[in-house]
Structures are given as C-alpha cells and as structure tokens.
Amino acid sequence: MILTAGCSLTEQYHNKFPVWPHLLNKEVDNIGKSGTNNRDIAFSVLHHKGQYDHVLILWTHWMREVYFVENLSEEKLLHNIKQAKYFCREVDKNKIIKEQTRHTLMSIYTVQNYLNDKGISYYMMQGVPSFWNSSNIEPALEEINKFEHLIDTNKFYGWPTIIEVGGFNCVDNLKLRDHTISKDDQHPNLKGNQKIAEMFMKHANI
C-alpha cells in the first residue's frame, strides 16, 4: 500500500478523472487535502494509522498560512503571496518568510525521520512553486542554507525546490500551467496528473 499526501494537487476533490496518486498503477491510500499547509501535510502522515509500506508526498507552497496580529493600527494585506493571508506591517515580511521556511524544513525533517525510524520507504517532490514572489526567495535561502543539511536530498527530487537556484517544482518544470482543468480551475488536468505520476514512478522506485 502506498500512502500519498499533499494539498489539492493530491486530493481527489472532483470526479472528472483520477488525480496522480490513482495513476500510479498501485493500491493507494490518498490523504491529500485541499488548502492544507506543509505542517498539516506532515501531521497527516504522522497521525495516519493505516498500513502502508511506501509514502509519496507532494509538498505545497511554503507560505501557506494565516497570521492574526492584534493591536496594529496599520494592518496590511500582503497581496504578493497568493492564497495566504498575512496581516502585518511590511517591515515584518522577511521575518515571516524565514519563519515559514523553518516550518516547512522542520516538517520535512520530522516526516523523513519518522519514516526512517519505521523503516518505511518514501519519496518527496515540490508540487506548486515554493514561493509565488521572487522577492521571498532571498530571505528563504538564508534559512535553507542553515538547515538543509537535515534534509535527505536523495529522497527529495529537485532540492531545494526553487527553480531560480536550479530546483524543481511540478507546476513550473512539468509545465502544468499548460495542462489545467479550465480557465476557472487551474489545477492540472488528466495529462498534468499523468506527468506527476510518471515523475514519482520514475524516481521513487515504486
């Protein structure tokens, strides 16, 4: 049994066609969930009680989170980070980027250690871009450089996931924007999901 985890790129949230976990030609337990962040993706694996002998994880963008900051007279919504709501002063942006980067790094590290301790094989890839805005990359790289020695890059395709520094994410590298469901639904269509499944089958040794 293969356990698959991730965000809406992984969840079978529609009945139009099978998404990538169901194109692996293997028995799968798909726990992908739309809108989830990387910490919750990690928790979904750690909390799962089913039987499985292989795990495939497609991580979501690293800035997916909601912050609530009280007692600020000039709260500002940062529109440069899609699908995330940040209420903070502009001066705090780099601090938030670094904090979110650490959260993702520790999520990856925690899951890989857990699975290694259990003797369960696994493989990971980045689904959507880690950062939607290039201005987020420099502060994130400061944190990645501090902690990436913790990540088993042999089990994570295209590390460090940021294409601007030679990394990989499915949306950009597999050109999934050319293979979307519709103008209103930018998730990958059947061909796009086949591309993701093929990547996992090629590199995850399943």
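None of the values given here were measured: they were computed from a predicted structure.
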For this session: Show your working on side-chain contact (heavy atoms from CB on, under 4.5 Å) between Ile163 and Asn169 and close with a plain yes or no.
Result: CA-CA 7 Å; Ile163 62 171; Asn169 73 75; 3.5 Å; yes
For this session: For the pair Trp20 and Leu58, evaluate side-chain contact (heavy atoms from CB on, under 4.5 Å) and give the outcome as yes or no after the intermediate values.
Result: CA-CA 10 Å; Trp20 70 264; Leu58 196 63; 3.5 Å; yes
Problem set entry | Distance-only side-chain donor-acceptor flag, Asn30 / Thr4, under 3.5 Å | yes
Ion pair present between [X] and [Y], side-chain N to carboxylate O less than 4.0 angstrom?
X: Arg177; Y: Asp172; value: yes
X: Lys195; Y: Glu198; value: no
X: Lys33; Y: Glu11; value: no

Does a side-chain heavy-atom distance below 4.5 Å link [X] with [Y]?
X: Met124; Y: Tyr157; value: no
X: Asp29; Y: Tyr52; value: no
X: Ile120; Y: Val55; value: yes
X: Phe156; Y: Trp59; value: yes
X: Gln12; Y: Pro21; value: no

Problem set entry | Between His54 and Tyr123, ring centroids under 6.0 Å | no
For this session: Starting from the C-alpha separation in whole Å, work towards a yes-or-no answer on side-chain hydrogen bond (donor to acceptor under 3.5 Å, both in side chains) for Asp184 and Ser182.
Result: CA-CA 5 Å; Asp184 298 322; Ser182 68; 5.0 Å; no
Problem set entry | Atom CD of Gln186 with >12 non-hydrogen neighbours under 6.0 angstrom | yes
